[in-house]
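For the numbers below, each heavy atom of this structure counts, side chains included, while hydrogens, waters and symmetry mates do not. Chain letters run A, B, ... following the sequence lines, proteins first and then strands; every chain starts at 1.
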2 protein chains.
Amino acid sequence: MAARAGVSRATVSRVVNGSATVTPEIRAAVLRAVDQLGYVPNSAARSLVTRRTGSIGLVVSEPPSRVFSDDPFFAVVARAVSQELEGADKQVVLLPASSPAGHARVERYVAGGHVDGVILLSMHGSDPLPAALARTDVPVVSHGRPITTVPLPYCDCDNVAGARSAVRHLLDRGRRRIAAIGGPPDMSAALDRMTGYREVLSGTDRRSLVAMGDFTRESGAAAMRQLLEDDPGLDAVFAANDLMAIGALHALRQAGRRVPDDVAVVGFDDIEAARYTDPPLTTVRQPVAEVARAVVRRLLGSEEERTAEPLILPTELIVRDSA
Amino acid sequence: MAARAGVSRATVSRVVNGSATVTPEIRAAVLRAVDQLGYVPNSAARSLVTRRTGSIGLVVSEPPSRVFSDDPFFAVVARAVSQELEGADKQVVLLPASSPAGHARVERYVAGGHVDGVILLSMHGSDPLPAALARTDVPVVSHGRPITTVPLPYCDCDNVAGARSAVRHLLDRGRRRIAAIGGPPDMSAALDRMTGYREVLSGTDRRSLVAMGDFTRESGAAAMRQLLEDDPGLDAVFAANDLMAIGALHALRQAGRRVPDDVAVVGFDDIEAARYTDPPLTTVRQPVAEVARAVVRRLLGSEEERTAEPLILPTELIVRDSA
DNA sequence: CTGAAAGCGCTTACAG
DNA sequence: CTGAAAGCGCTTACAG
């Protein structure tokens with residue numbers, strides 16, 4: 001390659017890496033040779049000396065059922081991250097970490113210098129990975145507030161405020177018995193949304209009534225049946241995510257309750273499917289892609305940017321027909 | 001590291017890589033040192049000499065709207081691939097290739113030796129990437145039959161037979177005017193499903209009636225409205241995927257048609273959402289994850305395995321209430 | 001079974 | 001502005 005262009009390897013390297021200090025003629029000659037030979041620098045050799053890999057790890061620590069099923073969350077994040085990374089010419093490598101074995105693999109992988117940074121996705125409270133990763137000198141940013149003892153940079157949406165707006169809306173519509181379907185209690189998003197629900201109700205004379213789900217449709221349907229049994233008189237339900245709200249809609253229909261006439265339903269996320277339920281779902285829109293992009297920017301930014309205050313993006317209540 | 005264990009670097013390498021020719025005592029000493037020092041081999045240095053990277057590229061050549069929206073297809077594939085790769089201790093790196101710029105990046109990335117193999121996802125007929133990649137000496141296997149001039153190893157499900165079973169079912173239920181909603185005409189899955197539809201109808205005295213969509217819910221709803229306008233007397237519709245079937249259900253409801261009483265609907269894919277529509281959707285189940293796993297096995301297998309006859313997995317008709 | 005040495009393909013001070 | 005040389009951290013024939 002260097003021979004073909006009649007220059008040294010060093011000069012080829014400089015041209016390929018866009019160094020300014022190269023004579024135009026030489027640069028042209030090198031570029032021509034690169035083109036003719038289809039030369040592409042070997043990435044491993046380059047990484048070895050630059051100590052950078054051009055890859056960012058996306059750690060998905062979630063039981064397959066949720067992240068990889070019908071919830072568009074993972075896909076939306078993966079896409080936004082890839083896209084935002086394009087400008088920096090970096091790729092995302094998927095790091096599944098749902099099992100202890102997966103955790104060990106991810107740790108080894110990161111420690112082995114395979115990635116320039118790590119994005120944590122939907123971590124659970126019990127997860128030992130954040131702490132382990134924080135000990136590495138690889139930058140880590142979490143998508144969503146992690147429940148950890150170690151402080152960790154993160155971006156998130158305002159789950160508490162979002163839930164508040166949903167419950168207030170129900171109150172404004174004159175609903176009196178507002179139940180809730182909660183998510184996994186070891187995830188901050190689920191926790192925060194329940195906090196918002198309780199906060200609003202505690203300001204009134206209404207009692208709270210909660211059934212737990214795990215963010216899946218099926219669990220939403222089961223929780224709804226439970227709720228109906230516990231309090232047949234309920235006239236509204238706030239589900240901590242849309243998938244569970246869809247399950248609730250299903251259970252309500254089977255129980256012969258009309259929505260929103262008998263029972264009003266509000267979800268959280270505003271996934272695409274929310275527009276196609278019957279009736280269309282009133283829900284809290286969460287800017288998943290924007291949070292993901294913010295995470296990437298922090299990850300790529302300086303140490304100071306990363307350790308700055310967590311970025312919390314606002315949510316928006318989307319009123320459709322279910323409430 | 002080598003000093004700590006009192007052995008040479010070569011021996012450390014042998015122990016770490018599990019070479020059999022190491023004395024138990026020495027192996028133990030090295031392992032102890034590895035543990036104490038938290039030693040992890042540098043991946044770039046290793047790749048440089050072994051010429052392997054431990055990464056597989058997942059090329060997603062799809063407009064964001066589809067793959068990354070609500071269609072669980074991408075997530076299911078990503079998960080199955082990651083999982084199947086775990087045994088081989090390889091990771092998947094996401095390679096978005098929806099734009100020409102994306103294509104160029106992917107080509108460069110693969111040519112740069114970043115990956116040991118490439119999986120192509122839902123390629124479109126016009127896509128130049130398969131041919132470009134086939135020229136590399138990196139193994140390539142496609143998930144889904146690619147529409148290319150160059151022969152390319154692939155695995156798929158039997159889309160034609162699946163569509164046939166759907167349309168036959170409609171016929172068996174006594175439906176007389178069976179319309180269809182097709183997918184993107186440059187994708188083999190869409191093409192093959194329409195072929196199945198036409199094959200069955202051509203064996204009868206029924207005429208075919210087709211409206212085109214692009215695999216999204218919205219396009220399914222639009223196509224359904226079109227069909228209703230073209231032939232108000234239709235009593236069944238076969239949609240080339242579930243998302244479009246869901247859109248069709250929506251349009252039908254808005255048009256005041258009852259499902260299945262007035263119009264029967266059958267989809268294709270059997271995504272999770274199909275069980276939660278009103279009424280639950282009759283559809284053709286497609287083994288997406290199994291195809292993905294088969295793709296990985298071929299990719300990891302020998303040259304002969306890869307170039308063997310394409311593996312075509314069967315589909316299954318799932319009868320629910322919509323038809 | 002183990003070690004000394006070469007070499008993987010780059011980048012980057014260091015001279016000139 | 002360009003080249004010779006060192007060096008990144010491993011693995012792997014090759015001796016012994």
Side-chain angles (χ1 to χ4, degrees), chain A residues 1-55 89-91 108-116 136-138, chain B residues 1-55 89-91 108-116 136-138:
Chain A
M1 169 59 215
R4 173 64 159 260
V7 298
S8 74
R9 235 157 6 127
T11 299
V12 173
S13 175
R14 282 190 268 260
V15 171
V16 169
N17 291 298
S19 163
T21 66
V22 181
T23 319
E25 298 84 65
I26 293 201
R27 141 169 281 111
V30 171
L31 255 21
R32 203 177 322 119
V34 163
D35 213 54
Q36 289 175 352
L37 273 47
Y39 170 76
V40 180
N42 176 291
S43 60
R46 176 178 278 176
S47 284
L48 188 54
V49 22
T50 61
R51 330 240 74 190
R52 328 220 75 232
T53 64
S55 302
D89 202 42
K90 289 187 190 295
Q91 316 291 334
R108 240 184 303 121
Y109 195 78
V110 173
H114 281 90
V115 293
D116 298 337
T136 326
D137 49 359
V138 178
Chain B
M1 172 58 217
R4 173 63 159 259
V7 298
S8 71
R9 239 164 352 134
T11 300
V12 172
S13 175
R14 282 190 268 259
V15 170
V16 170
N17 291 298
S19 163
T21 67
V22 182
T23 318
E25 296 83 65
I26 293 202
R27 138 169 284 111
V30 171
L31 255 20
R32 203 176 322 118
V34 164
D35 213 54
Q36 288 174 354
L37 273 46
Y39 169 76
V40 180
N42 176 291
S43 60
R46 175 179 277 177
S47 284
L48 187 55
V49 21
T50 61
R51 330 241 73 189
R52 327 219 77 232
T53 64
S55 303
D89 202 43
K90 290 187 189 294
Q91 316 291 334
R108 239 183 304 121
Y109 194 78
V110 173
H114 281 89
V115 292
D116 297 337
T136 327
D137 50 359
V138 177

field: Under 3.5 Å donor-acceptor, Thr11(B) side chain and Val7(B) backbone
entry: no
query: What heavy-atom pair brings Asp116(B) and Arg51(B) nearest, and what distance separates the two atoms?
result: OD1-O, 4.5 Å
field: Rounded P spacing from dC10(C) to dC14(C) in Å
entry: 24 Å
query: Given the rule in the side chain to side chain contact (heavy atoms under 4.5 Å, CB included) test, do Leu37(B) and Arg32(B) qualify, once you have shown the distances and angles that lead to the verdict?
result: CA-CA 9 Å; Leu37(B) 273 46; Arg32(B) 203 176 322 118; over 6 Å; no
message: Apply side chain to side chain contact (heavy atoms under 4.5 Å, CB included) to residues Val16(A) and Tyr39(A) and explain how you reach the verdict.
response: CA-CA 10 Å; Val16(A) 169; Tyr39(A) 170 76; 4.0 Å; yes
- prompt: In the strands shown, is dG3(C) matched to any nucleotide by a Watson-Crick or G-U wobble pair with both distances under 3.5 Å, and which?
  reply: dC14(D)
task: From the options Ser43(B), Ser47(B), Ser55(B), select the one residue that forms a side-chain contact (heavy atoms from CB on, under 4.5 Å) with His114(A).
output: Ser43(B)
- line: Counting primed atoms, P, OP1 and OP2 as sugar-phosphate and everything else as base, the B/S/- map of nucleotides 6-16 of chain D against protein heavy atoms under 4.0 Å is --BBBBBB---
